[in-house]
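Comments concern the structure below.
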Amino acid sequence: MQAEWTEEAIQRITTENTTLKQRVRQLTTDNRTLDERLKAARSNLRFQDRRMADLEARIAEPGSTT
């Protein structure tokens with residue numbers, strides 16, 4: 001069975017397809033941005049963890065003057 005498409009239906013579907021493609025591009029960009037922010041936050045957390053461990057080690061050293 002062959003479906004017959006009206007010009008109006010074709011235009012509506014084409015417009016919707018274009019809109020969806022733009023939305024996918026925007027979501028992809030947003031996802032990339034959020035991924036970069038997450039990586040930066042994780043890196044910052046690792047730095048803070050190392051700094052905290054260093055400070056704890058200094059406090060635990062005999063003769064510490066803190």
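Note that the structure is a prediction, hence the values are computed from the model and not measured. These numbers come from the heavy atoms of this one structure, side chains and all, not from hydrogens, waters or symmetry mates.
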Only distances under 3.5 Å count here; give the side-chain donor-acceptor pairs of residues 6-16 to other protein atoms, sequence neighbours excluded, each with its distance to 0.1 Å.
from	atom 1	to	atom 2	distance (Å)
Thr6	OG1	Ala9	N	3.0
Gln11	NE2	Thr15	OG1	3.3
Thr14	OG1	Ile10	O	2.7
Thr15	OG1	Gln11	O	2.9

Can you list, pair by pair, the side-chain donor-acceptor contacts under 3.5 Å of residues 29-45, counting residues two or more places apart and other chains?
from	atom 1	to	atom 2	distance (Å)
Thr29	OG1	Arg25	O	3.1
Asp30	OD1	Gln26	NE2	2.7
Thr33	OG1	Thr29	O	3.1
Asp35	OD2	Lys39	NZ	3.3

To the nearest 0.5 Å, what is the distance between CZ on Arg23 and OG1 on Thr28?
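Reported value, rounded in 0.5 Å steps: 10.0 Å.
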Could you give all pairs that pass the salt bridge (Lys or Arg N to Asp or Glu O under 4.0 Å) test and reach residues 45-55, with sequence neighbours left out?
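Listed by first then second residue: Arg51-Asp54, Asp54-Arg58.
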